[in-house]
Undergrad: 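My questions all concern the structure below.
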Amino acid sequence: MSLRLRLAVMASRAFLKPTIARARDPARLRRMLRLFGRLAFREPPFTLAIRTSLGQGLPGLVVSNRPDTRPIRPEKAVLLLHGGGFVAGRASDYRPFAAWIARRTGCTVFVPDYRLAPEHPFPA
């Protein structure tokens with residue numbers, strides 16, 4: 001495990017998980033997770049992100065990051081199902097992380113933008 005990943009895990013255990021467990025206001029939780037995402041990951045160069053809709057209208061973000069030196073792998077793709085307990089997290093919040101995955105794998109990454117509670121209660 002890299003040093004960066006170890007630090008991210010330690011920060012998550014010490015700060016994020018307890019904060020999420022105590023959160024009562026979804027808007028505040030969303031702002032906090034968005035800020036953490038910006039601090040944890042910087043979007044690499046050569047990132048291309050396109051908002052799209054798949055299948056039955058599932059909105060999301062398609063992210064690719066292929067400098068000229070990297071081969072294109074059209075037969076491979078990554079589906080990034082982000083966390084947040086269906087209360088926090090949007091596809092755009094995970095764009096830097098998706099770009100990081102795309103750069104290291106050479107694959108296109110799809111991040112769905114599913115509806116969040118409490119604005120869209122179950123079964124929406």
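Starting from 1, each residue takes its place in the sequence as its number.
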Undergrad: Who pairs with Thr47 by side-chain hydrogen bond (donor to acceptor under 3.5 Å, both in side chains), at least two apart in sequence or on another chain?
TA: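 Only Asn65 meet the side-chain hydrogen bond (donor to acceptor under 3.5 Å, both in side chains) criterion with Thr47.
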Undergrad: Where do Arg103 and Pro45 come nearest, in terms of heavy atoms and distance?
TA: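 Shortest heavy-atom contact: NH1-O, 3.7 Å.
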Undergrad: Yes or no on side chain to side chain contact (heavy atoms under 4.5 Å, CB included) for Lys76 and Thr105, after CA distance, side-chain angles and deciding distance?
TA: CA-CA 9 Å; Lys76 304 276 184 179; Thr105 63; over 6 Å; no
Undergrad: Taking side-chain contact (heavy atoms from CB on, under 4.5 Å) as the definition, give me every residue that meets it alongside Ile50, ordered by chain and number, with sequence neighbours left out.
TA: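 For Ile50, the residues satisfying side-chain contact (heavy atoms from CB on, under 4.5 Å) (neighbours in sequence not counted) are Leu48.
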Undergrad: Specify the closest pair of heavy atoms between Arg95 and Val63, including all atoms of both residues, with the distance to one decimal.
TA: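 For Arg95 and Val63, the tightest heavy-atom pair comes out as O-CG1, 4.4 Å.
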Undergrad: In chain order, what residues pass the salt bridge (Lys or Arg N to Asp or Glu O under 4.0 Å) check against Asp113, with sequence neighbours excluded?
TA: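 Here the qualifying residues are Arg51.
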Undergrad: Can you name the ring pair (Phe, Tyr, Trp, His ring centres under 6.0 Å) partners of Phe97, sequence neighbours left out?
TA: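 Ring pair (Phe, Tyr, Trp, His ring centres under 6.0 Å) list for Phe97, sorted by chain: Phe41, Trp100.
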Undergrad: Which residues pass the side-chain contact (heavy atoms from CB on, under 4.5 Å) test with Ser92, sequence neighbours left out?
TA: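 Listed in chain order: Arg90.
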Undergrad: Among residues at least two apart in sequence or on other chains, which ones pass side-chain contact (heavy atoms from CB on, under 4.5 Å) with Pro26?
TA: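 Partners of Pro26 under the side-chain contact (heavy atoms from CB on, under 4.5 Å) test: Arg30, Val87, Pro118.
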Undergrad: Ala98 and Leu80: which non-hydrogen atoms are nearest, and at how many Å?
TA: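 Minimum heavy-atom separation between Ala98 and Leu80: CB-CD2, 4.1 Å.
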Undergrad: If you look at every heavy atom in Pro96 and Pro44, which pair is closest and at what distance?
TA: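 What the structure gives for the nearest pair is O-CD, 4.3 Å.
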Undergrad: Would you name the heavy atoms of Glu43 and Ala99 that are closest together and state the gap between them?
TA: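 For Glu43 and Ala99, the tightest heavy-atom pair comes out as CG-CB, 4.0 Å.
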Undergrad: Applying side-chain contact (heavy atoms from CB on, under 4.5 Å), name anything that partners Leu3, two or more places apart in sequence or on another chain.
TA: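 Counting only residues at least two positions away or on another chain, Leu3 forms a side-chain contact (heavy atoms from CB on, under 4.5 Å) with Leu7.
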Undergrad: Kindly determine whether Leu58 and Phe110 satisfy side chain to side chain contact (heavy atoms under 4.5 Å, CB included), including the steps that lead there.
TA: CA-CA 11 Å; Leu58 175 65; Phe110 178 71; 4.1 Å; yes
Undergrad: Taking salt bridge (Lys or Arg N to Asp or Glu O under 4.0 Å) as the definition, give me every residue that meets it alongside Arg31, ordered by chain and number, with sequence neighbours left out.
TA: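 So Arg31 forms no salt bridge (Lys or Arg N to Asp or Glu O under 4.0 Å) with any residue.
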